[in-house]
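Heavy atoms only: backbone and side chains are in, while hydrogens, waters and symmetry mates are out.
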Amino acid sequence: MSKQSKGSDKGHTDGHGHEHDPLEEGAALRVRALEEIVVAKGLVDPEALDSIVEYYERETGPRNGAAVVARAWSDPEFKNWLLQDGTAAINSMGFRGVQGEHIRVIENTDETHNVVVCTLCSCYPWPVLGLAPAWYKSPAYRSRVVREPRVVLEEFGFELPRGTQVRVWDSTAEVRYLILPVRPANTGDLSVEELAQLVTRNGMIGTAAV
């Protein structure tokens, strides 16, 4: 099982039985091989392929997650359900599928900021966040955010107040995480749809405030 980090900045616990997701591994290899073939044969423009990947990374999946976050900000009953049983609450909105079978939602507060990593591969909640960005899968992020989370967050342009505790959560094949950001101030008059527009993919990973 995955484990929450201990302490404010360097509390990630190693030796937690992290299991690599064989489905993700096999799919990644197949996709890479197919991509190389179709590009080599001139069947697909590499730039067009990048645009498609960008769309699914930043638009389709993350918009699902943003809808979940906005509803939680607006509906206390749904928020409680989401924090108690993230998978069921998310499924109730129609967002389900591969890598979305077991999702735990972690709430940020003014005292504690949470950030997600997958230290051994790139386990990621596809139904609510789309495709994992390249930096999430990079060895540098996977190792450094555990050791020096504040430094990594600052490199994303996100500086936390000195007194805020940082917790790092390690996704696995058994459980994947979605961060519920703190609702921005002065948004009480916004609709759920307008609130969703404020939510970013990085905010739901924890490398941004919202």
Quick check: closest heavy atoms across Pro125 and Ile103, and the distance to 0.1 Å? CB-CD1, 3.9 Å
Measure the shortest side-chain to side-chain distance between Asn64 and Pro127 over non-hydrogen atoms and say whether it is less than 4.5 angstrom. no
Against Val152, only a single residue in Thr207, Val168, Val115, Val145 fulfils side chain to side chain contact (heavy atoms under 4.5 Å, CB included); can you say which? Val145
Please check this pair: side chain of Glu77 against backbone of Asp75, looking for a donor-acceptor N/O pair closer than 3.5 Å. no
Quick one: are Val117 and Trp169 in side-chain contact, heavy atoms under 4.5 Å? no
Note, Asp110 side chain near Val182 side chain (heavy atom, < 4.5 Å): yes
Donor-acceptor check, side chain of Thr200 to backbone of Val210, threshold 3.5 angstrom: yes or no? yes
Tell me, please, which residues at least two apart from Asn80 pass side-chain contact (heavy atoms from CB on, under 4.5 Å). Gln84
Could you go through Met93 and Val68, starting from their C-alpha distance and side-chain angles, then the distance that decides it, and tell me whether this counts as side-chain contact (heavy atoms from CB on, under 4.5 Å)? CA-CA 8 Å; Met93 294 184 66; Val68 172; 3.8 Å; yes
Close side-chain approach of Leu129 and Ile205, heavy atoms under 4.5 Å: yes
Linked, directly or transitively: Tyr136 and Val151 (ILVMFWY side chains, under 4.5 Å): no
Apply side-chain contact (heavy atoms from CB on, under 4.5 Å) to Thr112 and list each qualifying residue two or more places apart in sequence or on a separate chain. Thr109, Asn114, Gln165, Arg167
Is Val192 reachable from Leu83 through a run of hydrophobic residues whose side-chain heavy atoms are each under 4.5 Å from the next? no
Which residues share a side-chain hydrogen bond (donor to acceptor under 3.5 Å, both in side chains) with Glu107, sequence neighbours left out: Lys79
Given the rule in the side-chain contact (heavy atoms from CB on, under 4.5 Å) test, do Val199 and Met204 qualify, once you have shown the distances and angles that lead to the verdict? CA-CA 8 Å; Val199 184; Met204 293 181 283; 3.8 Å; yes
Is there any ring pair (Phe, Tyr, Trp, His ring centres under 6.0 Å) pair reaching into residues 70-104, and which pairs are they, with sequence neighbours excluded? none
Once you round to the nearest 0.5 Å, how far does OH of Tyr141 lie from SG of Cys118? 10.5 Å
Does Arg144 have any side-chain hydrogen bond (donor to acceptor under 3.5 Å, both in side chains) partners at least two apart in sequence or in another chain, and if so, which? Glu148, Glu155
Pairwise distance CG(Asp85) to OG(Ser92) - rounded to 0.5 angstrom: 10.0 Å
What residues form a side-chain hydrogen bond (donor to acceptor under 3.5 Å, both in side chains) with Thr187, not counting sequence neighbours? Arg183
Hey, does Ile90 have a side-chain heavy atom less than 4.5 Å from the side chain of Leu82? yes
Strictly distance-based, threshold 3.5 Å: is any side-chain N or O of Arg201 a donor or acceptor partner for the main-chain N or O of Pro62? no
Full working for side-chain contact (heavy atoms from CB on, under 4.5 Å) between Leu190 and Leu198: CA-CA 10 Å; Leu190 298 185; Leu198 303 178; 3.9 Å; yes
So, using ring pair (Phe, Tyr, Trp, His ring centres under 6.0 Å) as the criterion, who are the partners of Phe156 when residues are at least two apart? Trp135
With sequence neighbours excluded, tell me which residues meet ring pair (Phe, Tyr, Trp, His ring centres under 6.0 Å) with Phe158. His113
Could you report the tightest heavy-atom contact between Cys123 and Ala173, atom names first, then the distance? SG-N, 3.6 Å
Assess whether side-chain contact (heavy atoms from CB on, under 4.5 Å) is satisfied between Arg176 and Gln99, documenting all intermediate values. CA-CA 8 Å; Arg176 295 172 177 85; Gln99 294 222 17; 2.7 Å; yes
Could you check whether any side-chain heavy atom of Glu159 comes within less than 4.5 Å of a side-chain heavy atom of Leu153, counting everything from C-beta outward? no
side-chain hydrogen bond (donor to acceptor under 3.5 Å, both in side chains) against Glu194, all qualifying residues, sequence neighbours excluded: Ser191
Please check this pair: side chain of Ser74 against backbone of Ala70, looking for a donor-acceptor N/O pair closer than 3.5 Å. yes
Please confirm whether the backbone N or O of Thr119 pairs with a side-chain atom of Asp170, one donor and one acceptor, at under 3.5 Å? yes
Would a distance-only check, ignoring hydrogens and angles, find a side-chain to backbone donor-acceptor pair under 3.5 Å from Arg142 to Lys137? yes
